[in-house]
Amino acid sequence: MAAVISYDDVEPGTELPSRSFPVTRADLVRYAGASGDFNPIHWNERFAKSVGLEDVIAHGMFTMAEAVRVVTDWAGDPAAVVEYGVRFTKPVVVPDDDKGAVIEVSAKVAAKLGEDTRTVRVDLTATSAGEKVLGMSRAVVQLS
């Protein structure tokens, strides 16, 4: 696979399609099993509250992975993301109800990094419950 977006077709300011990602407690349990991260703050409300959290919180790496889906879907190839980093600013609180939480993600091309590498920097904004949950969220993407 290769990126389906052409380097020549994007400019700084190009907005990627925004997405909303619902997160339930069941999603967190599945992620814990896949990742091996069984920290009880991600599934046990009593424990999460005992360590000062409002409620169970989503894994940081889960939140990070959901956010970058905006970029991989846009590029058309997950391997097009050659670099990705974030700062975790607030946890995604996941209540034990029928709704759970929602991670809202938007992104835009911030810079073209070079015709020779055909790479762009994409800046992402991720929020949940009106709070920014990822800071300095940036991906370098190699386009066709």
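Grouping the Ile, Leu, Val, Met, Phe, Trp and Tyr side chains by contacts below 4.5 angstrom, directly or via other members, places Ile57 apart from Val105. Under the 4.5 Å side-chain heavy-atom criterion for grouping Ile, Leu, Val, Met, Phe, Trp and Tyr, Phe21 is connected to Leu28 within one hydrophobic cluster. When hydrophobic clusters are built by joining Ile, Leu, Val, Met, Phe, Trp and Tyr residues whose side-chain heavy atoms come closer than 4.5 Å, directly or via intermediates, Ile41 is not grouped with Phe88. No continuous path of ILVMFWY side-chain contacts below 4.5 Å connects Val68 to Met136, so the two sit in separate hydrophobic clusters.
Among all heavy-atom pairs drawn from Pro91 and Val133, the shortest one is O-CG1, 4.1 Å.
Under the side-chain hydrogen bond (donor to acceptor under 3.5 Å, both in side chains) criterion, Thr72 pairs with no residue, sequence neighbours left out. Residues meeting the side chain to side chain contact (heavy atoms under 4.5 Å, CB included) test with Ala65, sequence neighbours left out: none. Taking the side chain to side chain contact (heavy atoms under 4.5 Å, CB included) definition, one finds that Ile5 meets it with Val10, Trp74, Leu143, sequence neighbours left out. In this view, Ala129 satisfies the side chain to side chain contact (heavy atoms under 4.5 Å, CB included) rule with no residue, not counting sequence neighbours. Residues that satisfy the side-chain hydrogen bond (donor to acceptor under 3.5 Å, both in side chains) test with Thr117, not counting sequence neighbours, are Thr119. With sequence neighbours excluded, the residues forming a side chain to side chain contact (heavy atoms under 4.5 Å, CB included) with Asp55 are Arg25, Glu45, Val93, Pro95, listed by chain and number. Applying the salt bridge (Lys or Arg N to Asp or Glu O under 4.0 Å) criterion to Glu15, with sequence neighbours excluded, gives no partner residue. Qualifying side-chain hydrogen bond (donor to acceptor under 3.5 Å, both in side chains) partners for Asp77, counting only residues two or more places apart in sequence or in other chains: none. With sequence neighbours excluded, no residue forms a side-chain hydrogen bond (donor to acceptor under 3.5 Å, both in side chains) with Asp37.
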* For Val122 and Arg138, what are the C-alpha separation, side-chain angles and deciding distance, and is it a side chain to side chain contact (heavy atoms under 4.5 Å, CB included)? -> CA-CA 6 Å; Val122 176; Arg138 296 177 172 173; over 6 Å; no

* Working for side chain to side chain contact (heavy atoms under 4.5 Å, CB included), residues Val23 and Val102 -> CA-CA 6 Å; Val23 184; Val102 176; over 6 Å; no

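Val141 has its side chain within reach of Val71: a pair of non-hydrogen atoms, C-beta onward, lies under 4.5 Å apart. Counting heavy atoms from C-beta outward, Arg19 and Asp73 have side chains that approach closer than 4.5 Å. Asn44 has its side chain out of reach of Val56: every pair of non-hydrogen atoms, C-beta onward, lies at least 4.5 Å apart. Considering only heavy atoms from C-beta on, Met61 stays 4.5 Å or farther from Thr63 through its side chain. Looking at heavy atoms from C-beta onward, Ile103 lies out of side-chain contact with Thr127 at the 4.5 angstrom threshold. Counting heavy atoms from C-beta outward, Val120 and Tyr7 have side chains that approach closer than 4.5 Å.
Listed by first and then second residue, the side-chain hydrogen bond (donor to acceptor under 3.5 Å, both in side chains) pairs that reach into residues 81-104 are Ser20-Glu104, sequence neighbours excluded. Applying the ring pair (Phe, Tyr, Trp, His ring centres under 6.0 Å) rule to pairs touching residues 46-67 yields Tyr31-His59, Tyr31-Phe62, His42-His59, sequence neighbours excluded.
To the nearest 0.5 Å, the span separating OG on Ser128 from CD on Glu66 amounts to 11.5 Å.
With side-chain heavy atoms closer than 4.5 Å counting as contact, directly or through intermediates, the hydrophobic cluster containing Leu113 also holds Val82, Val140.
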